[in-house]
> 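Mind having a look at this structure? Questions to follow.
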Amino acid sequence: MALIVLTDAKLAFGHVDLLANTAFSLESGERVGLIGRNGTGKSSLLKILAGIEKMDDGLLQYQQGLRIVYVPQEPIFEAEETVFDAVSKGVAQAKALREEYEALSIGEWDDVAHHRLDEVQSQLEALSCWNWEQRVHETLDRLHLDAEVKINTLSGGTKKRIALARALVEMPDVLLLDEPTNHLDLDLISWLEDLLKEYKGSVILITHDRAFLDNVCTQIVELDRGILRTYPGNFSAYEVLKDQEMNSESLANARADKLLAQEEVWIRKGVEARRTRSVARIARLEALRTTRSQRRDAVGQVKLAVSAGDRSGKIVADLQNASKSYDRPIVKDFTATILRGDKVGLLGPNGAGKTTLLKLILGTIAPDSGTATMGTRIEVAYFDQMREGLDLNASLEDYISPGSEWIEINGNKKHVKSYLSDFLFAPERTNSPVSTLSGGERNRLLLARLFARPANVLVLDEPTNDLDIDTLDLLEQLLQGYKGTVFLVSHDRYFLDNVVTSIIANEGDGFWREYEGGYEDWKIQKARSDKIRAANSGVKSEPKPEVKIEPKVEAKPVAAKSGVQKLNGKERQELEALPLQIENLETEQADIGIAMSNPDLYKNEPELAASMQARLSEITADLDIKLQRWGLLLSRSES
């Protein structure tokens with residue numbers, strides 16, 4: 001039986017229908033990803049399902065006794081309250097019931113009090129309210145939250161966890177999450193994925209994180225032009241089905257338009273006689289016209305172009321043993337050379353120092369020790385995730401091009417209204433204040449201003465927050481073809497894989513290391529380097545029993561002799577050569593991965609792409625064999 005059923009839902013905002021006779025049902029245990037363009041009404045639909053907002057018309061039905069909890073994009077807390085107090089608000093009903101039960105237990109005893117006591121006891125048992133404090137503490141432990149810390153000292157990611165904790169202690173049957181991954185770093189996103197996959201209730205979530213949708217959802221629901229369309233499976237399955245559906249819809253519309261054009265020609269020639277056949281044909285023409293006028297065509301695509309500015313020098317930045325500390329080491333002995341055209345992703349937990357490292361690279365701050373040298377002819381454009389550069393009172397036109405109706409993109413002049421329409425802002429909205437825009441629209445406006453400025457270095461700090469999936473795809477394509485240098489801070493794994501050519505990752509204690517390739521390449525290389533490092537540290541920490549038994553014998557020669565006794569000369573040479581062979585294979589693997597990330601390769605040189613894919617498979621198999629062989633020889637040498 002369905003937990004929630006929505007029938008013939010209607011909701012309009014001005015002249016735009018957000019919901020047009022929309023239907024939806026949620027079954028027990030489903031994890032639904034709600035996707036769609038910015039401004040299509042996803043958050044409004046989620047609030048309607050939560051009972052927070054009302055629709056213009058339609059029917060919403062809940063299963064009897066259903067418990068629903070809604071977690072908004074930006075949770076609001078009282079600044080001075082503790083984490084425990086904030087999370088305890090999720091069990092406010094349990095607290096009230098138990099307090100009433102305790103008051104009734106020690107109050108005057110009569111039939112009315114006895115009857116009410118029985119009712120309260122039944123509700124307490126149904127809602128598991130007897131031990132609400134234990135439930136709160138267990139949830140806080142599970143989410144690694146300190147109960148005594150005050151809210152006003154915490155980051156956005158931690159506040160998001162507190163909001164989730166408050167929702168979970170209510171033990172809802174349905175959990176509604178609006179952009180749950182915003183402000184969370186990669187570790188917390190992975191943790192949330194595991195949490196939701198183990199969750200026993202049903203989940204409806206809005207997110208544009210495609211990897212998150214892939215890993216969590218059992219069903220994708222798309223809000224498109226006022227209609228909800230359901231696709232079984234995760235996001236990858238949705239993409240396949242959506243392509244097929246769009247192709248079929250395009251062909252059907254083309255056939256209908258062709259038939260309509262033919263009938264319009266016929267009617268203009270005049271009807272020869274009022275025969276039954278002609279009357280029926282006129283009626284069909286009227287039906288075709290009505291169908292065409294009611295068709296809701298797909299929303300236009302964002303048109304992205306960036307003003308590239310003058311070409312920078314070949315070297316954008318050169319850092320040699322650069323270090324920076326505040327109350328703790330943020331960057332320690334970091335060495336790297338950033339070249340023109342590099343697309344660099346920065347990975348690390350919130351608070352690790354990604355912004356500080358960026359400032360060192362761009363010469364905004366000086367290192368405490370070491371050197372950080374900027375290249376020549378550098379023009380930087382900066383995208384701020386906190387939107388601090390937004391003037392909420394300015395109109396869209398004035399914000400993009402203050403004091404002028406024209407902007408220049410790569411030598412071509414364009415009217416500001418036309419430029420804003422490329423970013424899906426209608427001409428009638430260009431004089432509206434920025435404050436009227438949604439979160440996703442504000443991000444689009446920031447991108448519009450960013451790309452209107454000549455720059456050969458783009459710094460993008462969480463650009464994917466609140467952007468819809470279509471815009472993300474187009475932004476990826478733009479950055480792939482961008483000739484300048486890109487620094488990208490993002491927790492969107494798909495976006496990183498599709499854009500960056502190298503990763504600078506935080507290794508802890510202020511250490512940063514550069515890896516070739518995207519996010520998945522970093523994961524593979526990081527796992528292998530950790531394995532080799534752990535094995536090497538194990539070798540160094542091996543005890544040398546010979547020293548204790550024979551004090552007169554020098555320890556090093558004996559240890560060296562006993563460590564290789566079980567390997568013959570050929571095997572010792574193989575053990576020494578394997579690490580370099582593994583490193584060379586990993587380098588070749590990364591190079592091929594970078595080459596295959598270019599979409600033009602598949603169009604212009606499909607045979608080369610196929611041979612690269614075959615070579616990549618060979619390298620993967622060869623690496624597995626060599627790693628196993630290296631581990632075997634190493635263990636024999638240690639025994």
Side-chain angles (χ1 to χ4, degrees), residues 185 308-385 388 450 453-463 479 482-490 496 499-519 521-522 525-526 529-530 532-533 536 580 583 586-587 590-591 594:
D185 57 37
D310 295 330
R311 196 179 186 191
S312 69
K314 184 176 181 181
I315 295 178
V316 173
D318 182 57
L319 290 86
Q320 297 296 324
N321 301 113
S323 297
K324 188 70 180 178
S325 299
Y326 290 107
D327 55 337
R328 59 183 175 83
I330 305 297
V331 180
K332 191 184 293 183
D333 293 327
F334 180 67
T335 297
T337 301
I338 310 298
L339 302 178
R340 180 182 61 235
D342 284 352
K343 297 175 176 64
V344 183
L346 276 77
L347 286 186
N350 292 333
K354 297 187 290 292
T355 303
T356 301
L357 179 59
L358 264 177
K359 288 179 178 178
L360 278 176
I361 293 171
L362 297 173
T364 308
I365 58 174
D368 297 335
S369 62
T371 60
T373 308
M374 280 283 288
T376 58
R377 302 188 301 277
I378 303 297
E379 299 175 72
V380 179
Y382 190 87
F383 180 93
D384 176 23
Q385 65 158 322
E388 290 178 0
L450 179 79
R453 296 176 173 178
N456 48 39
V457 175
L458 292 180
V459 181
L460 306 176
D461 190 356
E462 291 292 353
L479 294 177
Y482 180 59
K483 302 300 182 185
T485 307
V486 177
F487 293 98
L488 174 64
V489 178
S490 178
L496 285 166
V499 171
V500 304
T501 57
S502 65
I503 295 280
I504 297 176
N506 180 263
E507 305 275 285
D509 297 325
F511 287 103
W512 298 80
R513 183 180 173 189
E514 190 171 10
Y515 295 83
E516 292 299 319
Y519 175 78
D521 298 312
W522 166 76
Q525 294 175 67
K526 181 73 165 61
S529 64
D530 286 347
I532 293 172
R533 193 179 298 118
N536 288 339
L580 181 59
E583 184 179 350
E586 287 179 338
T587 301
D591 290 341
I594 292 168

> Under the ring-ring contact (aromatic ring centres under 6.0 Å, His included) test, which residues partner Phe487, sequence neighbours left out?
none

> Can you establish whether the number of heavy atoms outside Gln320 located under 6.0 Å from its atom CD is more than 12?
yes

> Which residues pass the salt bridge (Lys or Arg N to Asp or Glu O under 4.0 Å) test with Asp368, sequence neighbours left out?
Lys324

> Name all residues meeting the side-chain contact (heavy atoms from CB on, under 4.5 Å) criterion together with Thr364; count only those two or more places apart in sequence or in a different chain, and write none if there are none.
Lys359, Leu362

> Mind checking the OG1-CG spacing from Thr355 to Leu357? Nearest 0.5 Å is all I need.
9.5 Å

> Can you check whether Thr335 reaches Leu319 side chain to side chain, under 4.5 Å on heavy atoms?
no

> Considering residues at least two apart in sequence or located in another chain, which fulfil the side-chain hydrogen bond (donor to acceptor under 3.5 Å, both in side chains) criterion with Glu507?
Tyr515

> So Leu479 and Leu460, side chain to side chain contact (heavy atoms under 4.5 Å, CB included) or not? Walk me through it.
CA-CA 11 Å; Leu479 294 177; Leu460 306 176; 3.6 Å; yes

> Looking at residues at least two apart in the chain, or sitting in another chain, which of them share a salt bridge (Lys or Arg N to Asp or Glu O under 4.0 Å) with Lys332?
none

> Mind listing the closest non-hydrogen atom pair of Asn506 and Gly348 along with its distance?
CB-CA, 4.0 Å

> With a 4.5 Å limit on heavy-atom distance, are the side chains of Thr371 and Asn321 in contact?
no

> Do Trp522 and Arg513 have side chains that approach each other closer than 4.5 Å (heavy atoms only, starting at C-beta)?
no

> Please identify each residue that fulfils side-chain contact (heavy atoms from CB on, under 4.5 Å) with Glu514, with sequence neighbours left out.
Ala336, Ser502, Ile504

> Name all residues meeting the side-chain contact (heavy atoms from CB on, under 4.5 Å) criterion together with Ile330; count only those two or more places apart in sequence or in a different chain, and write none if there are none.
Tyr326, Arg328, Thr356

> Quick check: closest heavy atoms across Leu347 and Ser490, and the distance to 0.1 Å?
CD2-O, 4.0 Å

> Please check this pair: side chain of Gln525 against backbone of Glu516, looking for a donor-acceptor N/O pair closer than 3.5 Å.
yes

> When you measure from the side chain of Asn456 to the backbone N and O of Glu379, does any donor-acceptor pair fall under 3.5 Å?
yes

> Who pairs with Asp185 by side-chain contact (heavy atoms from CB on, under 4.5 Å), at least two apart in sequence or on another chain?
Asp187, Leu188, Pro349, Asn350, His491

> Can you give me every donor-acceptor pair (side chain of residues 337-346, partner residue at least two apart or in another chain, under 3.5 Å) with its distance?
| from | atom 1 | to | atom 2 | distance (Å) |
| --- | --- | --- | --- | --- |
| Thr337 | OG1 | Asp318 | OD1 | 2.8 |
| Arg340 | NH1 | Ser312 | O | 2.9 |
| Asp342 | OD2 | Leu339 | N | 2.8 |
| Lys343 | NZ | Tyr482 | O | 3.1 |

